[in-house]
There are 2 protein chains.
Amino acid sequence: MTAVPTLGSLPAADGAMQTGGSRERIERIYAVLRKRICLLDYAPGERLREETLADEFDVSRTPIRRVLARLEDEGLLRSVHGVGTIVTDIDIDALEQVYQLRVELAELIGKLSPVQPDADKIDAFRALLARCEALVARPDARAFAEINMDFFHLLNSLTANEPLRAISELLYYQTTRIWLKTASRLESYQAVLNTEITIFHREMADIVAAVEIGDLEVVGHIRRAHISMSFLRLRNSAHADATRAHDAGHDASHDD
Amino acid sequence: MTAVPTLGSLPAADGAMQTGGSRERIERIYAVLRKRICLLDYAPGERLREETLADEFDVSRTPIRRVLARLEDEGLLRSVHGVGTIVTDIDIDALEQVYQLRVELAELIGKLSPVQPDADKIDAFRALLARCEALVARPDARAFAEINMDFFHLLNSLTANEPLRAISELLYYQTTRIWLKTASRLESYQAVLNTEITIFHREMADIVAAVEIGDLEVVGHIRRAHISMSFLRLRNSAHADATRAHDAGHDASHDD
DNA sequence: GGGCGTGATGTTGTACACAACAAAAGCATA
DNA sequence: TATGCTTTTGTTGTGTACAACATCACGCCC
C-alpha cells in the first residue's frame with residue numbers, strides 16, 4: 001500500500017501552485033501525512049521511505065525529515081536507523097490511558113474559556129449533522145472516520161484555551177486510528193459499523209442540540225460519556241472477537 | 001550571555017565519554033537546552049546560533065536542528081529564516097490559559113492511575129524537603145527554580161498514566177520560566193523571593209505529609225491550590241510593580 | 001542633514017554526498 | 001538440508017556546501 005488514491009479533503013493548493021513559505025509547506029506536508037496515518041492509508045507497521053515522500057512532495061529529504069521528526073515526537077511514527085520509518089502499531093489496551101485522559105479533557109473544553117458559538121458555527125454543526133445522516137443511509141468506514149475527525153475539530157473550536165486545544169488534538173490523533181484498525185479485523189465488521197454509525201449520529205444530534213442552546217458544559221458532559229462508551233464498546237468487541245476466534249481455533253486451528 | 005557556566009545537574013557523561021547511540025545523544029542535548037531555557041541561562045528573546053551549539057556539543061548542525069525543531073514545536077523556541085533561533089518571550093497574562101490547564105491536570109495526577117509511593121520514593125520526597133529547608137535558610141532564586149523542577153518530576157512520577165505525565169511535563173516547561181523572569185524584574189525582588197520560598201516550603205511539607213500517608217488525591221488537591229495561588233501571587237506582584245513604576249514615571253520619567 | 005538604495009554580512013533552510021547501520025541474499029561447508 | 005559466515009542491498013543519520021532571506025552599514029542623492 002504505497003500509492004494513495006486521494007489526498008483526502010486537502011485545502012486545494014494542488015497542481016503546481018504550492019504557495020507559501022517553507023513553514024507553510026512543512027505544515028501542509030505534516031497535515032497530509034498525519035491524516036494518511038489516521039485514515040490507515042498508511043497501515044500500522046508499514047514502512048515509509050523518506051526519499052519516496054521527498055519525490056512525491058517535490059522536495060529533498062531534509063524538510064521531509066523535519067515532518068517525520070515531529071510525527072515521531074507525537075508518537076505516530078518511529079524511525080529506526082538502517083531500517084526505515086515505521087508507522088507505530090497500536091492496541092486497544094495500551095491506549096486506555098490516553099482515553100482516560102481524553103475523557104477528562106473533553107469535559108474541560110466546556111469549562112475552560114468556552115466560546116459561545118455564532119451563527120456560522122452553528123450552521124457548521126448542522127451541516128456536519130446532515131453529512132452524518134447521509135452516512136447512516138449509506139455506511140462507509142472511511143467516511144465515518146472523516147466525519148468523526150471534522151466533528152472533533154469543530155468541537156475543539158468551542159474553547160478559546162489554545163493549549164487545551166493543542167493537547168486535545170494531539171491525543172485525538174494518537175487514538176483515532178484504533179477504531180478503523182480494530183473494526184476492520186472484526187468478524188462482524190459490517191454490523192459493528194452500522195450500529196456505531198447509528199449511535200454516533202444520535203450522540204451528534206444530542207450535542208448539536210446542546211450547542212444550539214449554547215450550554216457548552218452540557219456538551220462536555222455528553223462528549224465525555226460519548227468518548228468513554230465508544231472506547232468500552234470497541235474494547236468489548238475486540239475482546240469478544242478475540243475469544244471467539246480462539247475458541248474456534250480448537251475446531252479448525254488455522255488462525256494467523 | 002553565551003557562555004554557560006554550569007550545565008546544571010546533568011547526569012555526568014561529561015568529558016569525552018558521550019556514550020550511546022544517536023537517539024540518546026539527541027535526547028541529552030534536548031534536555032540540556034531545555035533546562036538552560038527554563039533556568040534563563042538563555043534569556044527570552046536571546047538568539048541562539050546553530051553552529052555555536054554544534055561546536056559546543058561537537059556535532060554538526062544536523063542533530064542540533066533536530067533538537068531545535070522539537071523545542072520549537074513545544075513552544076520554547078522560534079526559528080526565523082535569515083535571522084536566528086530565538087528563545088520565545090513570555091508574559092504572565094498570555095500564560096494564564098496554560099496555568100488553568102495545569103491546575104486541572106495537577107488534580108488528575110491523583111486520580112488517573114495513581115501509584116502508591118514505595119519507601120525509596122518517600123525518601124526522595126524527604127530529601128527534597130531537606131534541600132528546601134536549606135534553601136529557606138539561604139534563599140537563592142536559581143536553587144529555588146531547580147528544587148521546584150525536581151519536585152515537579154517527583155510529583156509527576158506519582159501517576160502511571162504516561163500520556164498525562166508527558167503532557168504535564170510539556171506544560172510545566174512552558175510555564176516555569178515565567179517566575180524567574182518576572183521576579184527578577186521586580187522592585188521588591190529579595191522580599192518576594194523570601195516569602196515565595198517560605199510558602200513553597202510550607203506547601204511542600206504539606207504535600208510530603210500527604211504522600212507519606214499515601215493519599216494521592218489529597219496531594220492533587222493541595223497541588224491544585226498551590227499552582228493556582230502561585231500564579232495569582234505572581235501576577236499580582238507583576239501588575240502592582242507595573243502600576244507603581246508607571247506612577248513613579250510621572251515624577252521622573254526615565255524608564256527603559 | 002535626512003532619506004533611500006545597494007552591497008556586505010550573518011543566519012537559517014535546502015539539497016546532496018557519504019557514513020553508519022540493519023537485514024536479506026548468496027554461498028560454502030558440515 | 002541446515003548452518004554459519006560473507007557480501008550485497010537498502011535505509012536512516014550526519015556533515016557540508018550552497019541558496020534564500022533578513023538586517024545593518026555605507027554611501028549617494030536630494
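Numbers restart at 1 for each chain; the letters A, B, ... are given by sequence-line order, proteins then strands. As the structure is a prediction and not an experimental result, all values here were calculated from the model.
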>> When you compare the side chain of B:Arg70 with that of A:Arg70, does any pair of heavy atoms fall below 4.5 Å?
In response: no
> Between A:Arg65 and A:Glu50, is there a side-chain N and carboxylate O pair less than 4.0 Å apart?
Replying inline: yes
> Could you state the CD-P distance from A:Glu24 to C:dG13, rounded to the nearest angstrom?
Replying inline: 13 Å
> Over how many whole Å does the gap from A:Arg23 atom CZ to C:dG13 atom C1' extend?
Replying inline: 11 Å
> Once you round it to whole Å, what is the distance between C1' of C:dT11 and CZ of B:Arg65?
Replying inline: 10 Å
> Which of these nucleotides, D:dT14, C:dT14, D:dA22, is closest to any side-chain atom of B:Ser22?
Replying inline: D:dT14
> Mind checking whether B:Tyr173 and B:His153 have parallel, tilted or perpendicular rings, split at 30° and 60°?
Replying inline: tilted
> Rounding to a whole Å, what distance do you find between B:Ile64:CD1 and D:dT16:C1'?
Replying inline: 15 Å
>> From CG of A:Leu48 over to P of D:dG13, roughly how many Å is that when rounded to an integer?
In response: 13 Å
> Rounded to whole angstroms, how far apart are CG on A:Leu53 and P on D:dT12?
Replying inline: 9 Å
>> Rounding to an integer number of Å, can you tell me how far A:Glu51 CD sits from D:dT9 C1'?
In response: 14 Å
>> Distance alone, cut at 3.5 Å: any donor-acceptor contact between the side chains of A:Glu74 and A:Tyr30?
In response: yes
> If only side-chain N and O atoms of B:Arg47 are considered, is one of them under 4.0 Å from the OP1 or OP2 phosphate oxygen of C:dG10?
Replying inline: no
>> Checking contacts here: which listed nucleotide (D:dT14, D:dG15, C:dA22) is nearest the side-chain heavy atoms of B:Ile26?
In response: D:dT14
> Want to settle it: does B:Glu50 or B:Thr62 sit nearer the 5' end of DNA chain C, counting the closest nucleotide to each?
Replying inline: B:Glu50
>> Need to verify one output field. Residue with the more 5' nearest nucleotide on DNA chain C, A:His81 or A:Ser60?
In response: A:Ser60
> Just wondering, do A:Met149 and A:Tyr172 contact through their side chains at under 4.5 Å, heavy atoms?
Replying inline: yes
>> So, does A:Ser79 get its side chain near the phosphate of D:dT11, meaning an N or O under 4.0 Å from OP1 or OP2?
In response: no
> Do B:Arg61 and C:dG13 have a side chain to base donor-acceptor pair shorter than 3.5 Å?
Replying inline: yes
> Whole Å only: how far is the CG atom of B:Asp58 from the P atom of D:dT14?
Replying inline: 13 Å
